[in-house]
J.: 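The structure that follows is given in the form of structure tokens.
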Amino acid sequence: MLSPTKASGLKRTHIIDLTQDSVSPAAGFRSSIESSTPSQIAGSGMSCTTEDSLPDLPAFDPARAKYRDNALSNVKELCDLITPYVNSSVSLQNIATNASRWANDPAGLLPAKPIVGCVGGSGAGKSSTQNSMMDEADMARTGSVGNACTNIPTFYVETIPEQTLTYAAKVEYMNETELRIFLRSQSDNYNSFTFNPQAEWSATMKLEYGNLAKTAQDTFHCILGNMVAFASPGATVETLRLSHESDVDLLENMVTCVTWQLRKLQTTGVAPCVFFETDSQEDLKARLLRLTDSDHGEDTSSLWPLVAVAYVGNKTSALLKHVTLLDLPGITDTNQLRVDMTHRYISRCQAMLCIVPTDRVIDNPEVERIIATYADGFPNALAVVVTKSDTGLDNNLARELLRKGQSIGDYDELCNERTALKVQITELKASCKEAKKNGKRAKTSTFEEIDELSDQLAEIERKCNVCLYDARMSWIKKQVCSDKKRHIPRNCSLEVFGVSNAWYTHMQSPGDAAGVAYDTIVKSNDTGIPALRKYLRRLAAPRITIADDDLICSKVPIFYRALQLWIEDCPSKQCDQMLEQVTLWPAIWKLIIDTAEMETQNLSKSLMYEIRKAFPASQRGAQVFLDGLDGRLYASQFRAFFHKNGNHQTSMVPTESWNEGMSENQTGEIIQPKWQTVRPQQSTSFDGAVEQMINRLIELPSKLKFNAAAMALSDTIFTRIIQAHAVGLLTDYNTCKLVYEAAIGEVRVNATSDRTTGFFTQAMLDCYKEGNTDSGPGVTARLKKLLRDYVTHERPFEIAADQMEGVMEQIIRTHARRIHDKVNERLLGMETEMRQLIREGGSKRVTAEQTARTNIAMALPKFVREFTAIEELHARTKATYT
């Protein structure tokens, strides 16, 4: 290993303090480096800016950007060549226009960077970790544990609009609507706790409401401090008290005062804002703090609570080229404003870092709540970052880890080696001291040996620290992953990283990191920051690869194919290629409607399954009804019921239906409640199918952007046709739906009533028909027995259910066919109209068009060959990584 001196290229001066008995690493060259600047030595001899090893993915291949640039240059050169000919052909003009939209906007071809939110308790080290990731000393404001430094959501991006210098910031404030809502909520929070406390509030609730009230009071004093009524905290309390007692709403006065202040600012859309840029990081930080710092002093008003969001542009950060960092206020902050801001902006993130210090990571309810709440929303994009991992690395920690069953690696051997080195250095220094005492000069080789041993001791110290650091992080990872596993979605993982921001700061600027000795050796990977950066870049990799593929495998090839089709001048071929998606619509629609029919049939079958499952109960209910007939009817009346198929009425016999009576249990307990659940869903699948097809129609213009033949068309050529048929398709469907729902309603009536077409009535006809032939003595008993036997053995409930299922199946099938035919007719009509429109456009010719075709045809092969080579290299690069 290189010594710190050799790594930095400095020459060691052999000066040893012989009066010092204790030994510290690298003591022999401390005096020689004190006059050197920190950037010359950087603690471990590393330069201030460390270069991370990038993920082994095609998105970070060194040649990737070159392929993109070459592909764009190829297209731009060809566009320049065809520009003089665009007026000769409307189709050529459309091709050139469509290509120039992306060819002249390289920034627009870059993928949207994933937003990585940093959440955690106040003072957990969120801002410090972001400083380390961005390679900035103090861009995000840092502080101590429990001291919240992030007051508002702050996006750290590579550049923001209008930025020309190294750094820039834009602070956006609430618009007037948001301002009114905000001030009203603050007023309500204050009044609820101060003037309307509830006796049933628990101690926890009182604390929570108290925090809300204190936040509201501080907010009013902060933003309205230039008014006499809110000039001090005491004046603010008195003003709010008088307002409540006199029942005067201060909202309009507050809004007027604040709006007057905000109107002095710039505006972004409807939101006031402040924009500035600079080449100085210190200047950026100072100006940004003046706008967003909550510690503004009681005698100075500030609008910081009205800041909605801040954006900071930093062109120097390598990480921000791939991701956007979002520094969020602490979610357990006593200032409820910061908590609300955090939850509102988390929904904009694609990844999340839960940042927590080492001493608070295990059994932390805050970490538990964050992971439980957000694990589902960030599958494989949620990580726990353990900060301050460099603290407490000593023998006590080693013993504690061993007690917990965690291996500490070679720590004991390293400690023994360290002790031996210290003894050797002490002995050598003692010999030098003895030589000086005797008036002799120590040998140069002795000084060199002390220096070499000091270098070895410094490296051993580093290894001891790293050994315990790794051991503790290994134990923490196992504990966190095991404990939080229940919250993580299936087939997803929770990443855990340990970082030392103090070590990273020391590595950049020795002496500036609290608690880290000036001469401590630290390597970049020891800090954990490179591993965290690599993880974030991996999250960005898929977007980068997709953007590259979109350009090299899609946009450029389509552009060349469009030119080739235009050169060939074959309208029928061009038309077929242009409408290849449209010609597939009937087949796609058939698949969609068949799926909807199957889903609806399955829904119907689920209802029938519930009905059949309850057959025993339905039969018992029928037998109970039949038991109730005993002694109520004469023989002639009994026979009359059979003669009238179970439904009889006379002046002596009130209206009564045996069919309804026998099926009452089934109707009331099974069919009616189950129908209430199933009925609203009977059209859901068909509604979704039609909506899906209409969306396909509406999305056609955007799909045609990936069609070479369509590049020769105007963007709006099919707009009128699509809009007209989308409306017509929906109208046709609604007409079919009315017929379908009426038929389904008829099924319900037949399933639950004693009409002639009723399913149970039809199932009982054979029983009544057989009973009509019986007469003579004992007829009543025989007819009762016939009813009981028929219900039990002939299974009328099963027959009725089969009939009901068959009718519903036929209704659904008929409805599906009717919708299919209507929509299919429209799709075919659309294709015919589109073909006619294309033919009309293709019939227009300009005299110079043929000349343009000839000249471009001669030049095109050269560009195609060049691009084909780029395409092959791009494909080969991707294949290398797979």
Side-chain angles (χ1 to χ4, degrees), residues 1-8 12 16 20-30 33 41-46 50 358-359 386-430 448-479 496-507 510 513-531:
M1 174 190 170
L2 289 175
S3 70
T5 302
K6 293 176 183 177
S8 64
R12 185 188 302 277
I16 300 178
Q20 184 177 332
D21 293 326
S22 60
V23 180
S24 64
F29 66 98
R30 179 179 293 118
I33 62 175
I41 48 176
S44 62
M46 299 181 66
T50 59
T358 302
D359 59 349
V386 183
T387 61
K388 305 175 184 177
S389 301
D390 58 292
T391 57
L393 302 177
D394 54 23
N395 290 334
N396 291 331
L397 175 62
R399 287 192 291 271
E400 178 68 14
L401 290 172
L402 288 173
R403 187 183 64 80
K404 293 176 178 178
Q406 174 63 45
S407 168
I408 58 174
D410 298 331
Y411 180 73
D412 289 336
E413 291 80 357
L414 290 169
C415 287
N416 293 334
E417 189 175 347
R418 178 176 59 186
T419 301
L421 284 171
K422 286 183 177 181
V423 170
Q424 291 183 56
I425 293 172
T426 301
E427 290 175 352
L428 288 172
K429 291 181 70 175
E448 291 176 348
E449 187 176 359
I450 291 175
D451 287 344
E452 185 175 347
L453 292 175
S454 297
D455 291 343
Q456 293 178 23
L457 179 59
E459 176 61 19
I460 292 296
E461 291 279 9
R462 185 191 75 81
K463 289 182 178 180
C464 285
N465 288 337
V466 171
C467 196
L468 288 183
Y469 176 103
D470 290 343
R472 178 163 62 184
M473 279 310 307
S474 177
W475 182 80
I476 288 175
K477 286 178 183 179
K478 286 187 289 187
Q479 295 298 313
V496 181
F497 296 92
V499 299
S500 169
N501 294 309
W503 281 359
Y504 196 82
T505 300
H506 169 74
M507 192 184 69
V516 183
Y518 185 90
D519 48 14
T520 299
I521 291 181
V522 176
K523 291 186 177 181
S524 179
N525 287 335
D526 299 345
T527 68
I529 296 298

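Computed from a predicted model, the values in this text were never measured in an experiment. As a basis for the values below, the full set of heavy atoms in this structure was taken, side chains included, without hydrogen atoms, waters or symmetry mates.
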J.: Roughly how far, to the nearest 0.5 Å, is CG of Asn416 from CD1 of Ile460?
T.: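 With rounding to 0.5 Å, CD1 (Ile460) is 11.0 Å from CG (Asn416).
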J.: Nearest heavy-atom pair of Thr527 and Ser524: which atoms, and what distance?
T.: OG1-O, 2.7 Å
J.: Quick check: closest heavy atoms across Val496 and Lys477, and the distance to 0.1 Å?
T.: O-CE, 3.0 Å
J.: Using side-chain heavy atoms (C-beta onward) and a distance below 4.5 Å, is Val499 in contact with Tyr504?
T.: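 Counting from C-beta outward, Val499 and Tyr504 never come under 4.5 Å.
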J.: Just by distance, with hydrogens left out, do Asn465 and Arg462 show a side-chain donor and acceptor under 3.5 Å apart?
T.: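 No, Arg462 and Asn465 have no side-chain donor paired with an acceptor closer than 3.5 Å.
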J.: Residues in salt bridge (charged side-chain N to carboxylate O under 4.0 Å, His left out) with Lys404, at least two apart?
T.: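 Partners of Lys404 under the salt bridge (charged side-chain N to carboxylate O under 4.0 Å, His left out) test: Glu400.
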J.: Would you find a donor on one side and an acceptor on the other, under 3.5 Å apart, between the side chain of Thr358 and the backbone of Thr387?
T.: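 Yes; at least one donor-acceptor contact below 3.5 Å.
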J.: To the nearest 0.5 angstrom, please state how far the CE atom of Met507 sits from the OG atom of Ser500.
T.: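 So the gap between those two atoms works out to 10.0 Å.
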J.: Any donor and acceptor pair, going by atom type alone, linking the side chain of His506 with main-chain N or O of Thr520 inside 3.5 Å?
T.: yes
J.: Which residues pass the side chain to side chain contact (heavy atoms under 4.5 Å, CB included) test with Asp359, sequence neighbours left out?
T.: Pro357
J.: Between atom OG of Ser407 and atom CG of Leu402, what is the distance when rounded to the nearest 0.5 Å?
T.: 8.0 Å
J.: How long is the span from the CD atom in Glu461 to the CD1 atom in Ile521, to the nearest 0.5 Å?
T.: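 Glu461 CD to Ile521 CD1: 9.5 Å, rounded to 0.5 Å.
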J.: Find the distance between CG (Leu428) and CG (Asp451) and round it off to the nearest 0.5 Å.
T.: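 Answer rounded to 0.5 Å: 10.5 Å.
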J.: Testing the basics here: between Ala513 and Ala502, what is the closest heavy-atom pair and its distance to 0.1 Å?
T.: CB-O, 3.2 Å
J.: If you apply the rule side-chain contact (heavy atoms from CB on, under 4.5 Å), what do you find for Lys478 with Gln406, and how did you get there?
T.: CA-CA 10 Å; Lys478 286 187 289 187; Gln406 174 63 45; 3.0 Å; yes
J.: Got a sec, which residues hit salt bridge (charged side-chain N to carboxylate O under 4.0 Å, His left out) with Asp470, two or more places apart in sequence or on another chain?
T.: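 Salt bridge (charged side-chain N to carboxylate O under 4.0 Å, His left out) check on Asp470 returns nothing, list empty.
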J.: Could you tell me the separation between the CG atom of Leu468 and the CG atom of Asp394, rounded to the nearest 0.5 Å?
T.: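 So the CG of Leu468 and the CG of Asp394 are separated by 7.5 Å.
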J.: Who passes salt bridge (charged side-chain N to carboxylate O under 4.0 Å, His left out) against Glu449, sequence neighbours left out?
T.: none
J.: Which residues pass the side chain to side chain donor-acceptor pair (under 3.5 Å) test with Asn395, sequence neighbours left out?
T.: Tyr411
J.: Using the side chain to side chain contact (heavy atoms under 4.5 Å, CB included) criterion, which residues pair with Thr391? Sequence neighbours excluded.
T.: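 Side chain to side chain contact (heavy atoms under 4.5 Å, CB included) check on Thr391 returns Lys388, Arg472.
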J.: Take Asp526 and Trp503, measure what side-chain contact (heavy atoms from CB on, under 4.5 Å) needs, and give me the verdict at the end.
T.: CA-CA 8 Å; Asp526 299 345; Trp503 281 359; 4.1 Å; yes
J.: Distance-only, no hydrogens or angles: does the Thr419 side chain make a donor-acceptor pair with backbone N or O of Cys415 under 3.5 Å?
T.: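 Between the backbone of Cys415 and the side chain of Thr419 there is a qualifying donor-acceptor contact (under 3.5 Å).
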